[in-house]
Amino acid sequence: MDKTFDPSSIEARWGEAWEKNGYYTPETVAQLRGVDRAELAPYSIMIPPPNVTGTLHMGHAFQHSVMDALTRYHRMRGCDTLWLPGTDHAGIATQMVVERQLAAQGIKRTDLGREAFVEKVWEWKEYSGGTITHQIRRMGNSVDWTRERFTMDPALNTAVTEEFVKLHEQGLIYRGKRLVNWDPVLLTAISDLEVESKEENGKLWHFRYPLADGSGQLVVATTRPETMLGDTAVAVHPEDERYRHLIGKTVKLPLCEREIPVIGDDYVDREFGTGVVKITPAHDFNDYAMGQRHQLPLINVFTPTAHINDEAPAAYRGLDRYDARKRVVEDLEKLGLVEKIDDHKLMVPRGDRTGVVVEPFLTDQWFVDMKGLAERALKAVKDGQMRFVPENWVNTYDQWLNNIQDWCISRNLWWGHQVPAWHDEAGNYYVGRDEAEARSKNGLSAEITLTRDSDTFDTWFSSALWPFSTLGWPDANAADLKRWYPSSVLVTGFDIIFFWVARMAMMGLHFMGDVPFREVYITGLVRDSEGNKMSKSKGNVLDPLDLVDGISLEDLVKKRTTGLMQPQMAAKIEAATRRQFPAGIEAVGVDALRFTFLALASTGRDIRFDAARASGYRNFCNKIWNAARFVLMNTEDKDCGQDETLPFTLSAADRWIVSRLQKLETEAAAHFAGYRFDLLAQALYQFIWNEYCDWYLELSKPALQNGDEAAQRGTRRTLVRVLETSLRLLHPLMPFVTEEIWHRIAPLAGKSGPTLMLQPYPVANPQKIDEAAESDIEWLKAFILGVRQIRGEMDIPPGKPLPLLLQNASADDRQRIARMNDSIQFLARVEAPRLLESGDSAPQSATALLGQMSLLVPMAGLIDKEAELARLDKQLAKLESDMAKTEARVGNENFGKAPPHVQQQVRDLLNKQRHDREALQAQQARIREL
RNA sequence: GGACAGUUAGCUCAGUGGUAGAGCAUCGCCUUCACACGGCGGGGGUCACAGGUUCAAGCCCUGUACUGUCCACCA
């Protein structure tokens with residue numbers, strides 16, 4: 001084995017072998033294990049299908065690390081395990097990517113026509129999808145490629161059609177003219193969720209509307225002057241003393257010369273503005289609702305591109321909405337109808353894809369009636385059929401479902417599932433699985449010309465089916481569907497709880513009669529090391545594979561500054577990148593990156609990604625690698641207990657590490673069950689580095705040299721078996737390095753197999769827990785630490801053997817010293833310790849305390865008197881401050897109320913502190929005397 | 001206007017009633033025969049603030065401040 005672990009040399013090899021040999025595929029796994037799948041517990045995860053808009057980012061890599069850990073863990077535990085991969089067509093987002101590319105060549109979507117354009121998008125989908133699957137493979141994610149799905153596969157299109165037709169038959173889908181959020185650039189309706197409202201600086205214009213009878217005027221306040229062209233009423237609060245006598249009168253709408261009524265509605269806030277609101281039902285959601293209440297006419301004054309249409313006075317026709325605003329204000333000013341203009345902060349709705357201000361716009365769209373669906377989804381969580389981890393996300397889920405609006409599912413786009421509905425020339429719509437069904441269901445003769453609805457569905461209308469459309473639905477008898485629905489867990493981000501989680505819950509319950517997954521593990525967002533969201537426009541994105549393979553500074557800068565939407569940001573991004581990664585990014589390998597994500601994955605909070613952390617875990621891989629080298633050097637070609645007829649004995653150290661291992665195994669199971677990957681990662685790291693490597697390997701060295709044959713065999717056996725088990729424990733988190741090493745170690749532990757992936761996950765054996773051995777080793781560690789502290793603080797070179805005297809040793813101490821003498825001498829680098837009997841006088845020494853016993857290192861020629869006095873002072877100061885706290889506790893007049901065992905514990909502590917203080921003070925006095 | 005998080009060592013974070021922890025960074029000693037991507041040792045915290053409950057509070061309760069996120073129709 002090489003001296004240093006090189007991830008790149010093994011990753012490609014194993015990744016390919018795992019997939020080629022079918023270890024990701026449940027059928028093959030069962031066959032290799034010789035078991036009947038029907039008898040296994042099912043475990044399944046459906047990947048949240050990444051959008052085919054580009055490449056996977058850190059957030060994906062993070063979530064995939066979690067899912068793969070869960071998948072590999074359950075597969076090792078013997079479950080019939082499926083992780084199903086796939087991608088999402090992501091209607092709007094993907095269409096925009098391709099449109100932008102075409103625009104760069106001066107081509108418009110409409111130049112190509114629908115068919116040719118969609119062809120282009122498919123080409124892009126192949127490219128992007130290929131990149132994504134390559135990334136998933138590189139990360140060692142054990143997804144079953146034989147079951148890969150894309151949301152626009154023919155089978156999934158069948159599912160979407162079924163969904164639409166069924167819901168329509170059930171009266172849950174309707175078509176209607178409603179006010180929707182309209183993106184005037186994309187020229188499509190979007191759902192409430194796709195609108196992002198942000199506070200922006202604007203103005204509040206106050207206009208005078210004269211009363212028609214000439215008796216005065218009303219002053220209205222508005223943030224959108226141009227919509228006045230579509231006003232159909234003016235509203236006041238019905239109990240507003242200032243205005244209520246005017247209700248029923250009319251005002252003359254300036255510029256339009258229309259008369260509109262003054263109405264009373266308690267929606268109006270008397271405190272805001274003037275207490276008078278202009279009502280434009282066709283261009284504002286609140287006004288629309290009020291219009292419904294008062295049967296007001298709707299006057300739409302905009303075109304789909306948000307220009308003024310022919311409903312408005314001629315002077316404004318054809319103007320863009322912002323030009324129209326200017327003109328309206330100017331014209332009103334000329335007429336002296338502008339009372340005042342105030343600065344005003346308001347919430348501006350923008351499309352989440354285009355960033356353009358969205359218009360409430362009156363169009364015909366398809367809607368899903370959500371009330372009933374939402375109620376069942378709420379109930380499923382309340383009844384515990386579906387559980388959120390961490391639990392507090394239930395609030396988010398509930399809040400949205402409790403205030404749900406009907407869902408506008410049609411999009412005026414080309415890329416997506418086309419609506420299975422046809423209309424005749426009169427504009428009547430007919431729904432069916434195909435045109436023939438639409439005709440037969442509605443008794444339409446062949447003479448009637450039908451045209452298919454050109455709209456497509458909101459992407460989420462198909463994603464909502466993902467947990468079962470991928471498994472064969474609508475065929476209710478599909479084997480996969482029966483096997484793996486509901487899936488075990490959904491791993492996703494909180495940002496799509498509404499978009500996706502809630503909708504899958506609703507559709508799953510509606511069509512399958514059960515929740516789509518038992519648990520929802522919500523991850524945080526991956527942010528950069530400063531806590532900023534990673535985004536291309538901020539120039540702070542990291543490609544997971546650049547951490548895996550490393551990247552030079554120049555390449556990173558280039559990557560971050562090309563293809564920017566705002567090229568003027570390039571200089572700033574470059575500077576920030578050079579500051580943060582002056583030497584580029586060093587390669588850490590897949591295992592280290594995965595482990596980093598898991599170690600940072602604490603309970604659902606965002607994680608700040610720190611490349612230094614990943615380097616730390618790269619070092620951890622190297623540590624494991626070298627531990628394996630050490631073990632191999634000492635065990636290869638020797639019997640390690642495979643031959644069970646040969647005698648072996650186990651030392652305290654052997655029994656200690658085995659005992660610790662059992663506790664680790666128990667912990668690992670609990671952390672997997674609780675989705676505490678951070679604690680899991682920490683426990684594994686801690687055990688392997690701080691217990692196995694730092695102590696057990698060191699303890700094994702003298703044992704391998706000086707022990708008798710049976711003891712040596714026992715140590716070799718333990719070295720190999722604990723390492724082999726550790727590799728299995730670690731495998732779901734770090735698949736590559738563990739697999740590579742396992743094949744070298746396994747035979748020595750009497751194990752064999754084509755892959756570590758299919759070995760059983762270790763389970764604790766309580767009979768191997770050995771508290772006596774654990775306390776022996778705790779004592780030994782404290783002993784060695786005492787000597788090392790003296791050595792370290794006195795700057796004595798580690799190699800120099802020290803003389804050691806032991807004072808006041810108890811019978812137990814003596815016994816342990818005799819038993820573990822070799823270990824003590826080797827690890828503490830001391831000469832054979834000499835026991836002082838009472839009455840023996842000690843030379844001037846540096847001291848460490850261990851229970852009642854004192855460890856004395858004679859100072860002659862080694863240690864400066866003042867240095868040791870200073871060290872004792874420091875220890876005493878610490879001790880005394882601790883003691884003060886303990887005494888305060890015992891001294892509390894109500895200390896007697898504490899449980900007896902706690903009282904005992906505190907008293908013991910105080911006694912120990914008193915003893916230590918006495919011993920240290922005595923020692924100090926002795927040194928001073930000399 | 002509601003709701004939910006968070007505030008612990010220089011940094012990133014664990015720690016749901018019993019003597020404040022980890023990794024990274026830092027300082028000192030060491031090219032000790034697995035590993036310098038290493039070993040050993042050290043330093044570093046009024047646990048945001050103010051009250052309260054308790055024998056005992058980083059942890060429970062109340063309030064305040066600050067940070068972040070989500071939801072919401074005030075023109």
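- Put simply, Gln789(A) has no side-chain N or O that comes within less than 4.0 Å of OP1 or OP2 on C40(B).
- Here Arg618(A) does not reach the OP1 or OP2 of G38(B): none of its side-chain N or O atoms lies under 4.0 Å away.
- Out of A34(B), C71(B), G18(B), the shortest distance to the side chain of Met633(A) is found at A34(B).
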**OP:** Just do the salt bridge (Lys or Arg N to Asp or Glu O under 4.0 Å) check on Lys203(A) and Asp343(A) with the steps written out, would you?
**Re:** CA-CA 4 Å; Lys203(A) 302 236 183 282; Asp343(A) 286 331; 2.9 Å; yes

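- In the set U19(B), A75(B), A34(B), the nucleotide with an atom closest to the side chain of Gln905(A) is U19(B).
- Proximity of Arg608(A) to the phosphate of U12(B): a side-chain N or O atom is located under 4.0 Å from OP1 or OP2.
- Taking a pair to require two hydrogen-bonding distances under 3.5 Å in either a Watson-Crick or a G-U wobble arrangement, A48(B) pairs with U64(B).
- The same atom, C1', is picked in G10(B) and in G43(B); the two are 12 Å apart, to the nearest Å.
- OP1 or OP2 of A75(B) has not a single side-chain nitrogen or oxygen of His206(A) nearer than 4.0 Å.
- Nucleotides A22(B) and G15(B) are separated by 10 Å at their C1' atoms, to the nearest Å.
- Of the side-chain N and O atoms in Lys3(A), one or more sit less than 4.0 angstrom from OP1 or OP2 of A36(B).
- Between the side chain of Arg788(A) and the base of C40(B) there is no donor-acceptor pair of N/O atoms closer than 3.5 Å.
- Remark: Lys701(A) is in phosphate contact with A34(B), judged by side-chain N or O atoms under 4.0 Å from OP1 or OP2.
- The partner of G28(B), taking Watson-Crick or G-U wobble pairs whose two distances both stay under 3.5 Å, is C40(B).
- Base pairing analysis places A3(B) opposite U69(B); the two distances defining the Watson-Crick or G-U wobble pair are each below 3.5 Å.
- When both distances must be under 3.5 Å, the Watson-Crick or G-U wobble mate of C55(B) is G18(B).
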